[in-house]
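Please read the structure below before turning to the comments.
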Amino acid sequence: HILSTVISKSSGTLTITDTIVAANDWTYTQGTISPGSSTVLFRAQTDDAATITGSHTLANIGFYDNSFGADRTITVAAGTTLTATGNLSLDTNGGDTVNGPGGVTVQGNITSTDNGWTGTLPITLSGTNAQSITPVSYTHLRAHETVLDLVCRLLLEKKKSKKTYM
């Protein structure tokens, strides 16, 4: 896990390898990022809230929380577009929220390992090849094709029943 991160490189390249967990705020202001085939998992940890700021491109992106109990909120700030050249994964034990007003653009697939995410995060599917959403729990999926891409906003609903873990 890395805690609050600011990427502000006036020269050189930031190379991201393997999988990292960004365990609080993540801010991009400038610089070249070489994501390779890495995965950045965003997770609210310290105060149960995290904000992603600054438009940039990563390989694979995940919104992640494997803790039990605390409900966490991740916000993609206004004016921010986080682009995944690979996949977007949603992984939680329930009760977590991911919100805009910023958004995520996905060129690969979307996977959800649980149905506990809620929120208003706009997700744009913009891959040039076939894309899939597997499995996703949602109440509404509104999509329309534009000349350039297919835009989907998932309006997720918080699961009404509590889960019991042993």
Side-chain angles (χ1 to χ4, degrees), residues 16-23 25-26 28 33-45 48-68 70-163 165:
I16 302 174
T17 59
D18 204 19
T19 299
I20 62 172
V21 177
D25 295 341
W26 176 278
Y28 171 84
I33 298 174
S34 175
S37 60
S38 66
T39 299
V40 177
L41 300 174
F42 294 100
R43 179 176 190 243
Q45 183 168 309
D48 296 331
T51 301
I52 301 166
T53 307
S55 296
H56 58 291
T57 299
L58 298 169
N60 300 293
I61 298 169
F63 295 105
Y64 163 78
D65 183 21
N66 67 348
S67 65
F68 296 99
D71 291 347
R72 301 173 194 275
T73 300
I74 299 173
T75 301
V76 179
T80 296
T81 299
L82 190 59
T83 300
T85 58
N87 299 320
L88 169 65
S89 64
L90 303 168
D91 183 8
T92 184
N93 285 319
D96 299 302
T97 303
V98 62
N99 289 325
V104 173
T105 297
V106 182
Q107 295 174 356
N109 300 317
I110 299 173
T111 60
S112 176
T113 58
D114 196 353
N115 58 1
W117 282 105
T118 64
T120 61
L121 180 72
I123 299 172
T124 301
L125 298 170
S126 67
T128 57
N129 295 319
Q131 291 179 274
S132 64
I133 302 174
T134 315
V136 173
S137 175
Y138 57 89
T139 55
H140 303 286
L141 175 63
R142 294 178 294 164
H144 65 278
E145 277 191 54
T146 65
V147 174
L148 299 175
D149 60 12
L150 177 68
V151 179
C152 293
R153 180 182 294 247
L154 299 176
L155 302 174
L156 304 172
E157 180 181 80
K158 191 174 203 171
K159 192 170 185 177
K160 295 192 183 353
S161 63
K162 296 283 182 183
K163 293 183 179 181
Y165 296 93

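Worth knowing before you read on, the calculation uses all heavy atoms, side chains too, and leaves out hydrogens, waters and symmetry mates.
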Requested in this report: Could you check if a side-chain atom of Thr73 sits within less than 4.5 angstrom of a side-chain atom of Asn99, using non-hydrogen atoms only?
Outcome: yes

Requested in this report: Might you point out which heavy atoms bring Pro101 and Pro122 nearest each other, and give the distance in Å?
Outcome: O-CG, 4.1 Å

Query - Gap between atom CG of Asp18 and atom OG of Ser37 - 0.5 Å precision - result: 8.5 Å

Query raised in the report: Judged by atom type as modelled, is there a donor-acceptor pair below 3.5 Å linking the side chain of Asn87 to the main-chain atoms of Asn60?
Result: no

Query raised in the report: Roughly how far apart are Thr80 OG1 and His56 NE2, rounded to 0.5 Å?
Result: 8.5 Å

Query raised in the report: Shortest non-hydrogen contact from Asp48 to Arg72?
Result: OD1-NH1, 2.8 Å

Query raised in the report: OG1/Thr124 to CG/Leu82 distance, rounded to the nearest 0.5 angstrom?
Result: 11.5 Å

Query raised in the report: What's the shortest heavy-atom distance between Ser89 and Leu41, and which atoms?
Result: OG-CD2, 4.4 Å

**Report entry** Audit row: Ile33, Tyr28, side-chain contact (heavy atoms from CB on, under 4.5 Å) steps and yes/no
**Finding:** CA-CA 10 Å; Ile33 298 174; Tyr28 171 84; 3.7 Å; yes

Query raised in the report: Between Ala50 and Arg43, what is the shortest heavy-atom contact and its length?
Result: CB-O, 4.3 Å

Query - side-chain contact (heavy atoms from CB on, under 4.5 Å) evaluation trace for Phe42 with Leu58 - result: CA-CA 12 Å; Phe42 294 100; Leu58 298 169; 4.0 Å; yes

Query raised in the report: Looking at Ala59 and Ser38, what are the two nearest heavy atoms and their distance?
Result: CB-O, 3.2 Å

Requested in this report: Could you pull out the closest heavy-atom pair between Ser55 and Gly79, with the gap in Å?
Outcome: OG-O, 3.3 Å

**Report entry** Atom pair CD1/CD1 of Ile61 and Ile52 - distance to nearest 0.5 Å
**Finding:** 7.5 Å

Report task. May I ask you to test the Trp26-Ile74 pair for a side-chain heavy-atom distance under 4.5 Å? Result -> no

Report task. State whether the side chain of Gln131 and the backbone N or O of Asn109 hold a donor-acceptor pair below 3.5 Å, judged by distance alone. Result -> no

Report task. Report yes if the side chains of Thr53 and Asp25 come closer than 4.5 Å at any heavy-atom pair, otherwise no. Result -> no

Report task. Using a 4.5 Å cut-off on heavy atoms from C-beta on, say whether the side chain of Ile133 contacts that of Leu125. Result -> yes

Query raised in the report: Is any side-chain heavy atom of Thr118 less than 4.5 Å from a side-chain heavy atom of Thr97?
Result: yes

